[in-house]
Amino acid sequence: MKVAVSSSGRDLDAQIDQRFGRCAYFIIVETDDMSFEVFDNENIALGGGAGIQSAQYVASKGAKTVITGNVGPNAVRTLSAAGVEVIAGQDGSVRKAVADFKKRKLKSTTEANVADHYGMGNSSVQDAGAGTLPRQGGLGIGGGMGRGGGMGMGRCGGMGRGRGMGMGRGRVMGTGMPTSGAVSPNQPGIAPLPKKEELSRLKDQSNELRKQIEAIESRIKDLEKK
């Protein structure tokens, strides 16, 4: 049986990476003989949809179980749709986690243990250079529990959640892709995106949601055939 583990290193003694969608590596372990393959996670720098893309990736590699630290709702839904078991809240080495799994010490879950876009906050601060403010706020577009962070202009379209309606300011709780722009010292919030950039981001998010729906529909068809 193949088990995918989010890892901070390239061998079984590496520590489990607490981020699923944006982990450094995926180690796919064959539990019968503990042989393994290591894959760089190409989704680590995605602005959005990293959990979905990573879930689809490990499923494509034949993994039947994922072991990780923290996993968001979009990733959980995608993994579940692909028939992949999720074990979250783990730490320590990859080797120990797989050994515990083989001894049936680990319990699977169908619930996320962090909000969408977990792991993006720290990277935005690190990426901000001298004299540049980190990006805050977000466009609450689409369903999910992603953290928009900060007092953004909460335009919560679609299924996004936020305090207030329409253009009301509030903490965005949608899938919230971070906005860019200068932060006014006198007026909390983020300057609206240029039309072209906003359109591009909306298209990207639409594609991500479409892929998720396709994965779910494919799983439904598989189950109906059984």
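Side chains included, hydrogens not; waters and symmetry mates left out as well; all remaining heavy atoms used. Remember, it's a predicted structure, so these values are computed and weren't measured experimentally.
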Inset, instruction - Specify the closest pair of heavy atoms between Ala75 and Gly51, including all atoms of both residues, with the distance to one decimal. - result: CB-O, 3.6 Å
Inset, instruction - Could you please spell out the steps behind the side-chain contact (heavy atoms from CB on, under 4.5 Å) verdict for Ser206 and Arg210? - result: CA-CA 6 Å; Ser206 175; Arg210 189 177 297 112; 3.3 Å; yes
Legend entry - Heavy-atom side-chain contact between Ile27 and Val94 under 4.5 Å: yes
In a table with atom names and distances, give each donor-acceptor pair under 3.5 Å that connects a side chain of residues 61-69 to protein atoms at least two apart or in another chain.
from  : atom 1 : to    : atom 2 : distance (Å)
Thr65 : OG1    : Glu85 : OE1    : 2.9
Thr68 : OG1    : Ser6  : OG     : 2.7

Inset, instruction - Would you please indicate if the ring centroids of Phe20 and Phe26 are separated by under 6.0 Å? - result: yes
Legend entry - Value rounded to 0.5 Å, distance of OG1 in Thr110 from CG in Leu79: 12.0 Å
Legend entry - Check: Gln15 main-chain N/O paired with Ser93 side-chain donor or acceptor under 3.5 Å: no
Legend entry - Atom of Leu46, atom of Ala50 and distance for their closest heavy-atom approach: CD1-CA, 4.0 Å
Legend entry - Qualifying residues under side chain to side chain donor-acceptor pair (under 3.5 Å), relative to Asp100, sequence neighbours excluded: Lys96
Legend entry - hydrophobic_cluster_shared for Phe36 and Phe39, side chain cutoff 4.5 Å: no
Legend entry - Any Met34 side-chain heavy atom under 4.5 Å of Val29 side chain: yes
Legend entry - Heavy-atom side-chain contact between Lys211 and Gln53 under 4.5 Å: yes
Inset, instruction - Treating Ile, Leu, Val, Met, Phe, Trp and Tyr as nodes and any side-chain heavy-atom pair under 4.5 angstrom as an edge, say whether Ile28 and Ile16 lie in one connected cluster. - result: no
Legend entry - Backbone of Val71 reached by a side-chain donor or acceptor of Asn113 within 3.5 Å: yes
Legend entry - Minimal non-hydrogen separation, Ala97 against Leu106, with atom names: O-CD1, 3.4 Å
Inset, instruction - For the pair Asn74 (side chain) and Ile52 (backbone), establish whether a donor and an acceptor sit closer than 3.5 Å, ignoring hydrogens and angles. - result: no
Inset, instruction - Taking Gln18 for its side chain and Gln90 for its backbone only, find out whether a donor-acceptor pair lies under 3.5 Å. - result: yes
Inset, instruction - Of all the heavy-atom pairs spanning Ala112 and Gly72, show the shortest one and how long it is. - result: CB-C, 3.4 Å
Inset, instruction - Answer yes or no: is there a donor N or O on one side and an acceptor on the other, between the side chain of Asp40 and the main chain of Glu42, under 3.5 Å? - result: no
Inset, instruction - Apply side chain to side chain donor-acceptor pair (under 3.5 Å) to the pair Ser54 and Asn43, showing each step before the final yes or no. - result: CA-CA 7 Å; Ser54 293; Asn43 305 310; 3.2 Å; yes
Inset, instruction - Please confirm whether the backbone N or O of Arg77 pairs with a side-chain atom of Ser80, one donor and one acceptor, at under 3.5 Å? - result: no
Legend entry - Student check: side-chain heavy atoms of Met1 and Phe101 closer than 4.5 Å: yes
Legend entry - same_hphob_cluster(Val5, Tyr57) at 4.5 Å side-chain heavy-atom cutoff: no
Inset, instruction - Measure across Thr78 and Gln56 and return the closest heavy-atom pair with its distance rounded to 0.1 Å. - result: CG2-CG, 3.7 Å
Inset, instruction - Please examine the side chains of Asn41 and Tyr25, heavy atoms only from C-beta on, and report whether any two atoms are closer than 4.5 Å. - result: no
